[in-house]
Amino acid sequence: MTNHNKSRRSFIKTTGLAGIGLSVLPSFVNAEPFTAGNAFTQQPLPYDYKALEPVIDAMTMEIHYSKHAAAYTKNLAEACTAEKVDTGNMKLEDLLHSISKYSAKMRNNGGGHYNHELFWQCMKSGAATKPEGKLAAAIDQSFGSFETFKTQFTDAGKNRFGSGWAWLVLTADKKLSIGSTPNQDNPLMDISDIKGTPLLGLDVWEHAYYLKYQNKRPDYINNWWNVVNWEFVQKRYEQG
Ligand SMILES: [Fe+2]
């Protein structure tokens, strides 16, 4: 258990807050950097529900994290029990790499859990507006410019029919690629059209934006760029 989780648990224990929602937790309750690894459990949100306002409203964040994402994690645990996945030893990423061998429940909820854990970390209040360093150079090289990259990624999210995700992916040959996946699929999965390590993910399910943006998904995406945590994405790129 991490120190952060320890302190969070003791904070909840001593204040009796466990049953009344996380929106009252202070901003020092941060998650460890996202590593996926064997993380089959839902990690604390790395900021308050209201931290991303006005881009994403507090109610959307609270429902998204504590209802939708929490349900994926719970259902993933059920599927792991039913299908005898040893979550103490198996890495979540390895499960996703061989997802075609498992049930639809495992695919939907394993993806749902992984994607949301990544998504929370991909955002930050008061974030830098563009990448720097090696990632900035790689984006320029791959897409021509940061603005072209943003347009292509935005289009991937806008044009995903129904529910799904837009991705910036680092492929096996260390190239950057943009794509999208349906439902809760992701580029780690062996069944995915786009494959690689997801560096940046955007949730374009209506549950991610409907309360504030209703049917205007393009407005949600355009505003979302203002809360992308480029430091986190850069770190993932450099860790390759
Ligand atoms: Fe979502």
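- Among the candidates I56, V55, V228, N229, the single residue satisfying the side chain to side chain contact (heavy atoms under 4.5 Å, CB included) test with M123 is I56.
- Note that the CE atom of M90 and the CG atom of L95 stand 5.0 Å from one another [nearest 0.5 Å].
- A search for side chain to side chain contact (heavy atoms under 4.5 Å, CB included) contacts involving F146 returns K130, P131, I139, F149, K150, W230, not counting sequence neighbours.
- Judged as a side-chain hydrogen bond (donor to acceptor under 3.5 Å, both in side chains), and not counting sequence neighbours, Q234 has no contacts.
- Ring geometry for Y72 versus H116: interplanar angle under 30°, hence parallel rather than tilted (30 to 60°).
- H113 is linked by a side-chain hydrogen bond (donor to acceptor under 3.5 Å, both in side chains) to T73, counting only residues two or more places apart in sequence or in another chain.
- Atom CG of L135 is separated from atom CG of L168 by 7.0 Å, given to the nearest 0.5 angstrom.
- Between W120 atom CH2 and M61 atom CE the span is 5.0 Å, to the nearest 0.5 Å.
- Take A58 and apply the side chain to side chain contact (heavy atoms under 4.5 Å, CB included) test, not counting sequence neighbours, and it matches Y49, K50, E53.
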With a cut-off of 3.5 Å and sequence neighbours excluded, list every side-chain donor-acceptor pair involving residues 193-202.
from : atom 1 : to   : atom 2 : distance (Å)
K195 : NZ     : S192 : O      : 2.7

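- Applying the side-chain hydrogen bond (donor to acceptor under 3.5 Å, both in side chains) test to D190 and every residue at least two apart in sequence or in another chain returns S100.
- For residues 166-199, the pairs satisfying ring pair (Phe, Tyr, Trp, His ring centres under 6.0 Å) are W165-W167, with sequence neighbours left out.
- Listed by first and then second residue, the salt bridge (Lys or Arg N to Asp or Glu O under 4.0 Å) pairs that reach into residues 164-178 are D173-K175, sequence neighbours excluded.
- Annotation: salt bridge (Lys or Arg N to Asp or Glu O under 4.0 Å) contacts involving residues 63-88, sequence neighbours excluded, comprise K74-E78, E78-K105.
- In this structure the side chain of L76 never reaches within 4.5 angstrom of the side chain of Y114, judged on heavy atoms.
- Dense packing is recorded around NZ of K216, with more than 12 heavy atoms of other residues, nucleotides or ligands lying under 6.0 Å away.
- Under the side-chain hydrogen bond (donor to acceptor under 3.5 Å, both in side chains) test applied with Q184, the options N108, N115, D203 reduce to a single match, N115.
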task: Test side chain to side chain contact (heavy atoms under 4.5 Å, CB included) on W205 and H68 and set out the steps.
output: CA-CA 11 Å; W205 281 59; H68 294 283; over 6 Å; no
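- In this structure, OH on Y209 lies 11.5 Å from OG1 on T60, to the nearest 0.5 angstrom.
- Apart from I63 itself, the hydrophobic cluster it occupies contains M59, L211, where clustering links Ile, Leu, Val, Met, Phe, Trp and Tyr at side-chain heavy-atom distances under 4.5 Å.
- Remark: D185 CG to S180 OG distance equals 10.5 Å, nearest 0.5 Å.
- Connection of Y220 to Y210 is not established within any shared hydrophobic cluster, with ILVMFWY side chains joined at heavy-atom distances below 4.5 Å, either directly or through further cluster members.
- Side-chain contact of Q43 with T41: a donor-acceptor pair under 3.5 Å is present, judged by distance alone.
- Remark: T148 pairs with S145 by the side-chain hydrogen bond (donor to acceptor under 3.5 Å, both in side chains) rule, at least two apart or across chains.
- Taken to the nearest 0.5 Å, the CD atom of E62 stands 10.5 Å off from the CG atom of D57.
- Sorted by first and then second residue, the pairs that involve residues 154-172 and meet salt bridge (Lys or Arg N to Asp or Glu O under 4.0 Å), not counting sequence neighbours, are D155-K158.
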